[in-house]
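These notes concern the structure reproduced below.
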Amino acid sequence: MFNGKWIAPEELWDNLHIVFSKSLVLEEFENAKIRISADDYYKLYINDNFVGQGPAPSYCFAQNFNEYDISRYLKYGKNDIKVLVFYQGLNNRVWVSNDARVGLICDLFIDDKLFVSTDKSWKYQIDESFLESQTVGYDTAFLENRDMRIHLSKQKTAKEIEGEYIFKDEPFPALQITSKRVKPIISKNTYFYDFNQEYVCNIKIKANSDKSGRKIIIHCTEELDENKKLRFDMRCGCRYEEYCILKEGENIIEQFDYKALRYLEITADDGVQIEAEILNRHYPFNDFEFSLENKKLSEVLNLCKNTVLLGAQEAFVDCPTREKGQYLGDVYISGFAHYYLTKDFRLLKKAICDFADSIRFSGRFLSVAPCSYKQEIADYSLLFSNMVYKYYTLTKDAPFLKKMLPICSYINDYFSEFEDESGLLINADEQWNLIDWPEGARDNYEISQKHNVLNAYYFNSVKNEEKIKTALGIDYKNKSKKIKTSFNNAFFSEDKGLYIDNQNSNHSSVHSNLLPLTFDICEEKHKNIIADYLIKRGMSCSVFMSYFYLKALCNSGRKEEALKFITSNGKHSWINMINEGATTLFEAWSKEEKWNTSLFHPWGSAPILIYYEYLENDMNI
């Protein structure tokens, strides 16, 4: 894949910023391209012009890379290539870091012939202007406190290293990056920017200082407090307060890592003039607006669409603040929403591969990937085969389906170790039984050694593995039929006409009744009664489970009721988020429902899926 060698610095510590450089001289040429990857992350500049950044997070045995047409950045004569490489070094949900792997690799082609590659002729310097800083979120990112008076370290020769990297077959699309500017409100030495909606972005500041040692303080946030001040100690758990000490003259401060923000405030010392912009970033997306006769539905769909667009980075992040991680349950919602909106399957396919690859990385199937943090959630694991089969129904990619079948079998084989004689799972608690999140959204669900929700997911997982085998023409013994019968015998109460949480309980939660309708476990004769119950109870679940709730109604012929819930003004509604000032989806139904609510969470984008899967072509709605 690459002709170049991996190159690295001698130094290695957390929050390490390296500048690799190479000069080259060109005669006349017609075209040029560069192929590039790094660990953890790079930003590429040619002749001081920003070209692109990456790579998308991945495990080293499935390393992503990018390719760029760089013809317009090069010129006749001398050219300078500069690559900023960042090694974070933290054990978190963002990258596969904390592994002592750091480096750069690239090949540059002129008129389709290899011209320059990374090797020990490249130079590097350490950017020591990044000061020792605290982290935010769940050790998600370092605050970018800087001293712009500190120059780059002395130039050194890069070392060639043997990297244990296996590259993907194709380059991955680079992020789409767009500058956003608004006129600030200036009060004395404070510059206040309202970008009118939340963005996922990098902050770029030009600060002109009359002398060395002046200082600026940077605050950003998703919301204002009751006094119209920036709530930079955000409810999601990130405290975005950073500073920069300036050199005399012009200081260009472009933050390396990204944040989610709507409001930006910069307070400067006397003698400092400020200009600021944000660099909005996301996976390539041709934006549009929903404009339907049903204005409320349009309003909800546009809120969801905006969140899905911005939440699709180089992975489907659960939120771009506290975790920045790609969770399988979140991808089950936002990943398919993104596909419906774009008809671009590449990011979704990458996500499925990331979760499959987690087995090789950790020896276990992980629910957040690809990253160095290892977490297992039973509910999410059991959605994988459903995700794979649904992807196949949309793309008809049979070779990929065949490739993913062993992963589906691996997951189901793992859980089969917890089966009792009836085929149901008991004591399957090695992985977190999520049920719903936050805990207050569980409708008082009563968990036990053998309970409804986990077994509903298990049936669905086994059933989808069987669907995959049918699609591939592979014979199998029908196991899901037994599980379905056992499930109904164990959890359906003839006295109540409803499903109960577990055999030792008389409690019928919304969750215990929506999944049997969603996954087609429920017998036909009981569907109307259970649908009536769900409608009466309303969406007594989280924004994540709202997709399964709405799908349960649609599967039982209640699409009009599903639409009413999507456009409801109730407490558990998307309109309620909008009424609270949302420009992106909240993690919970309201800001106060969860003590550390993120105000940017694409897992709430169920209306996009329901619209495309059930409502779009229904002329009666």
Side-chain angles (χ1 to χ4, degrees), residues 58-59 62 93 315-316 318 325-339 345 347-371 373-395 397-419 425 428 430-435 437 453-472 474 476 479-480 483 515 518-521 544-545 547-548 551 603 609:
S58 55
Y59 299 112
R93 299 158 175 85
F316 293 108
D318 69 324
Q326 180 172 256
Y327 274 89
L328 193 150
D330 301 58
V331 175
Y332 187 81
I333 308 297
S334 63
F336 285 103
H338 186 268
Y339 176 84
F345 64 85
L347 191 58
L348 178 57
K349 185 176 184 179
K350 173 192 174 296
I352 294 171
C353 290
D354 289 338
F355 294 113
D357 288 342
S358 73
I359 298 173
R360 178 174 174 182
F361 171 70
S362 71
R364 303 285 290 263
F365 184 84
L366 302 179
S367 295
V368 55
C371 61
Y373 185 80
K374 299 177 182 179
Q375 186 172 15
E376 300 170 81
I377 303 174
D379 313 50
Y380 290 2
S381 297
L382 291 169
L383 280 172
F384 183 78
S385 64
N386 194 164
M387 182 183 293
V388 169
Y389 185 71
K390 186 173 183 177
Y391 175 87
Y392 167 73
T393 64
L394 295 169
T395 64
D397 188 346
F400 185 68
L401 187 70
K402 185 176 181 180
K403 182 179 178 181
M404 290 297 110
L405 176 57
I407 310 301
C408 300
S409 299
Y410 173 93
I411 293 167
N412 287 331
D413 288 347
Y414 164 79
F415 281 98
S416 70
E417 296 297 318
F418 299 95
E419 288 181 6
L425 302 184
E430 285 185 354
Q431 298 187 13
W432 180 19
N433 288 198
L434 179 71
I435 312 303
W437 193 255
V453 166
L454 188 64
N455 278 286
Y457 280 121
Y458 184 52
F459 164 81
N460 184 54
S461 184
V462 172
K463 181 66 176 177
N464 276 282
E465 182 184 350
E466 293 172 353
K467 288 180 179 179
I468 292 169
K469 289 178 178 178
T470 298
L472 295 173
I474 298 172
Y476 62 89
K479 182 177 180 179
S480 63
I483 298 173
L515 290 180
T518 302
F519 296 148
D520 195 28
I521 302 172
F544 166 67
M545 287 297 290
Y547 171 63
F548 301 94
K551 188 174 179 70
W603 78 341
L609 280 73

Lys403 NZ to Ile352 CD1 distance, which is reported to the nearest 0.5 Å: 11.5 Å
Atom pair CZ/CZ of Phe355 and Phe361 - distance to nearest 0.5 Å: 13.5 Å
Separation between CD1 of Ile521 and CG of Leu515, rounded to the nearest 0.5 Å: 7.0 Å
Within the 6.0 Å centroid threshold, strictly below: Phe384 and Phe365: yes
Chi angles and distances behind the side-chain contact (heavy atoms from CB on, under 4.5 Å) call for Val331, Leu348: CA-CA 8 Å; Val331 175; Leu348 178 57; 4.1 Å; yes
By side chain to side chain donor-acceptor pair (under 3.5 Å) - contacts of Glu466 (at least two apart): Ser480
Those residues that, when tested against Gln326, pass side chain to side chain donor-acceptor pair (under 3.5 Å) (two or more places apart): Asp354
For Ser385, all residues meeting side chain to side chain donor-acceptor pair (under 3.5 Å), sequence neighbours excluded: Ser461
Residue pair Ser381, Tyr457: steps toward the side chain to side chain donor-acceptor pair (under 3.5 Å) verdict: CA-CA 9 Å; Ser381 297; Tyr457 280 121; over 6 Å; no
Which atom of Leu609 lies closest to which atom of Ile333, heavy atoms considered: CD1-O, 3.2 Å
Side-chain donor/acceptor of Asn464 to backbone N/O of Asn460, under 3.5 Å: yes
Check: Phe548 ring centre within less than 6.0 Å of Tyr332 ring centre: yes
Aromatic plane relationship, Tyr414 with Phe418 - under 30° parallel, 30 to 60° tilted, over 60° perpendicular: perpendicular
Pairwise distance OH(Tyr458) to CD(Glu419) - rounded to 0.5 angstrom: 3.5 Å
Check: Ile468 and Cys408 side chains under 4.5 Å, non-hydrogen atoms: yes
Working for side-chain contact (heavy atoms from CB on, under 4.5 Å), residues Arg364 and Lys374: CA-CA 9 Å; Arg364 303 285 290 263; Lys374 299 177 182 179; over 6 Å; no
Test: Asp520 and Lys463 ion pair at under 4.0 Å: no
Verdict with reasoning, Leu366 to Tyr373, per side-chain contact (heavy atoms from CB on, under 4.5 Å): CA-CA 9 Å; Leu366 302 179; Tyr373 185 80; over 6 Å; no
Nearest heavy-atom neighbours spanning Asn455 and Leu425: OD1-N, 2.6 Å
Minimum heavy-atom distance Tyr410-Gly363, with the two atoms named: OH-O, 3.2 Å
Test side-chain contact (heavy atoms from CB on, under 4.5 Å) applied to Glu417 and Glu430, step by step: CA-CA 11 Å; Glu417 296 297 318; Glu430 285 185 354; over 6 Å; no
Distance-minimising heavy-atom pair for Asp379 and Ile435: OD2-N, 3.0 Å
Spacing of Arg93 atom CZ and Gln375 atom CD [to the nearest 0.5 Å]: 5.5 Å
Tyr391 and Phe400 aromatic centres sub-6.0 Å: yes
Side-chain donor-acceptor contact under 3.5 Å, Tyr380 with Gln431: no
Over all atoms of both residues, closest heavy-atom pair of Ala378 and Asn433: CB-ND2, 3.8 Å
Phe345 atom CZ, neighbour heavy-atom count above 12 within 6.0 Å: no
From CD1 (Ile407) to CZ (Arg360), nearest 0.5 Å: 11.5 Å
Centroid separation Trp437 to Trp603 less than 6.0 Å: no
Parallel, tilted or perpendicular: ring planes of Tyr389 versus Tyr392, cut at 30 and 60 degrees: tilted
Heavy-atom pair with the smallest gap, counting every atom of Asp397 and Lys349: OD2-NZ, 3.4 Å
